[in-house]
Amino acid sequence: MEISWMNKLIEQAKKPNGTIGSIMIRIMNFAHAGMNKWAMKKMKINRESVLLDIGCGGGKAIQLLSQTNTYEKIYGIDYSEQAVVDSIRLNIQEVQKGKVEILQASVTNLPFIDQTFDLISAFQTHYFWSDLENAVKEISRVLKQDGEFFLVAEKYKINYHMKVYKTKAEMEQLLKNVGFRTVEFFENNNAKWLCVKGSK
């Protein structure tokens with residue numbers, strides 16, 4: 001019974017749905033805020049930057065990015081319909097202005113043309129992706145030359161959910177195989193959070 005409930009919670013974290021999913025999204029927005037702010041300090045966002053947040057969840061990262069990037073457009077995608085609804089709700093003013101656009105889509109089939117974005121972020125999501133290799137290829141495709149990709153997660157979730165690409169060496173090789181020139185790793189003081197920066 002306990003395992004069954006744990007599986008249900010993991011599934012809701014992976015793809016939030018309905019009322020329980022919406023509650024889970026609010027919890028994640030609160031729980032991940034500190035990590036997101038820490039990682040964003042490593043991002044250089046220019047006035048003209050066009051941003052994409054993959055697996056935007058409840059939209060808190062988009063909200064923080066929007067406060068940093070006050071000029072250009074920010075896109076968010078999530079494959080959970082509930083996450084898209086909640087993310088739009090949280091960012092409704094910026095959505096109505098046309099600055100923020102949030103879509104339901106899969107990371108392995110991004111609905112954007114080649115070289116659209118200056119910066120792409122993925123917070124607490126990549127360990128749920130069913131096809132990490134093709135996801136990273138898609139990210140590279142829509143990222144501009146000299147663009148940057150930031151992958152951010154709690155280390156224990158990487159270790160718990162992932163069977164491959166758990167080590168820095170594996171992740172660096174994956175990113176370089178699809179065309180990223182350099183890969184950097186950052187950890188917070190307590191070594192609980194990991195930020196991977198790939199420069200194309």
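Quantities reported herein were computed from a predicted structural model and do not represent experimental measurements. Positions are given from 1 along the sequence.
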Are [X] and [Y] close enough for a salt bridge, meaning some N to O gap below 4.0 Å?
X: Lys168; Y: Glu187; result: yes
X: Lys197; Y: Glu148; result: yes
X: Lys166; Y: Glu170; result: no
X: Glu101; Y: Lys73; result: yes

For side-chain contact (heavy atoms from CB on, under 4.5 Å), just list the numbers for Val142 and Tyr75, CA-CA rounded to whole Å, side-chain angles, deciding distance to a tenth of an Å, and then say yes or no.
CA-CA 12 Å; Val142 301; Tyr75 293 82; over 6 Å; no
Please report the interatomic distance [atom1]([X]) to [atom2]([Y]), rounded to the nearest 0.5 Å.
X: Asn36; Y: Leu65; atom1: CG; atom2: CG; answer: 8.5 Å
X: Leu194; Y: Leu151; atom1: CG; atom2: CG; answer: 7.5 Å
X: Ile74; Y: Gln63; atom1: CD1; atom2: CD; answer: 10.5 Å
X: Gln145; Y: Ser199; atom1: CD; atom2: OG; answer: 11.0 Å
X: Phe180; Y: Phe149; atom1: CZ; atom2: CZ; answer: 6.5 Å
X: Ile120; Y: Leu51; atom1: CD1; atom2: CG; answer: 9.5 Å

In the single-linkage hydrophobic clustering (I, L, V, M, F, W, Y; side-chain heavy atoms under 4.5 Å), do [X] and [Y] co-cluster?
X: Val152; Y: Trp193; value: yes
X: Val164; Y: Val178; value: yes
X: Val85; Y: Tyr79; value: no

Tell me if a side-chain donor or acceptor on [X] pairs with a main-chain N or O of [Y] at a distance below 3.5 Å.
X: Asn91; Y: Gly59; value: yes
X: Thr116; Y: Ile113; value: yes
X: Lys99; Y: Ser66; value: yes
X: Asn188; Y: Lys192; value: yes
X: Lys176; Y: Val183; value: no

What verdict does the side-chain contact (heavy atoms from CB on, under 4.5 Å) test give for Asn134 and Glu138, after you've listed the backbone C-alpha separation in whole Å, the side-chain angles of each residue and the deciding distance to 0.1 Å? CA-CA 6 Å; Asn134 278 325; Glu138 269 291 89; 6.0 Å; no
Please give me the minimum heavy-atom distance between [X] and [Y], naming the atom from each residue.
X: Ile77; Y: Ala105; result: CD1-O, 4.0 Å
X: Met171; Y: Val196; result: CG-CG1, 4.2 Å
X: Ile102; Y: Cys56; result: CG2-SG, 3.9 Å
X: Lys200; Y: Arg141; result: NZ-O, 4.4 Å

Aromatic ring proximity, centroids under 6.0 angstrom, Phe123 and Phe150 |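 No, the ring centres sit 6.0 Å or more apart.
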Check for me whether the distance between the ring centres of Tyr127 and Tyr160 falls short of 6.0 Å.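 When the ring centroids of Tyr127 and Tyr160 are compared, they turn out to be at least 6.0 Å apart.
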Q. Is it true that atom CD of Gln93 has more than 12 heavy atoms of other residues, nucleotides or ligands lying nearer than 6.0 Å?
A.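 No, because the 6.0 Å sphere around CD of Gln93 holds 12 heavy atoms or fewer from other groups.
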Practice item. Kindly determine whether Met40 and Leu64 satisfy side-chain contact (heavy atoms from CB on, under 4.5 Å), including the steps that lead there. Key: CA-CA 9 Å; Met40 285 179 191; Leu64 293 170; 3.6 Å; yes
Whether the Tyr165 and Glu133 side chains hold a donor-acceptor pair (N or O, under 3.5 Å, no angle test) is what I'd like checked.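 Present: a donor and an acceptor within the cut-off.
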**Q.** Donor + acceptor pair across side chains of Ser121, Asp53 (<3.5 Å)
**A.**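 The criterion, which ignores hydrogens and geometry beyond distance, is satisfied for Asp53 and Ser121.
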Can you find a pair of side-chain heavy atoms, one from [X] and one from [Y], that are under 4.5 Å apart?
X: Asp78; Y: Gln104; value: no
X: Met35; Y: Glu154; value: yes
X: Glu81; Y: Val84; value: no

Check: Taking it one step at a time, do Asp146 and Arg181 satisfy side-chain contact (heavy atoms from CB on, under 4.5 Å)?
Finding: CA-CA 9 Å; Asp146 298 321; Arg181 291 180 294 106; 4.0 Å; yes
With respect to Ser87, which candidate in Ile62, Ile92, Val95 satisfies the side chain to side chain contact (heavy atoms under 4.5 Å, CB included) definition?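 Of the listed options, the one satisfying the test is Ile62.
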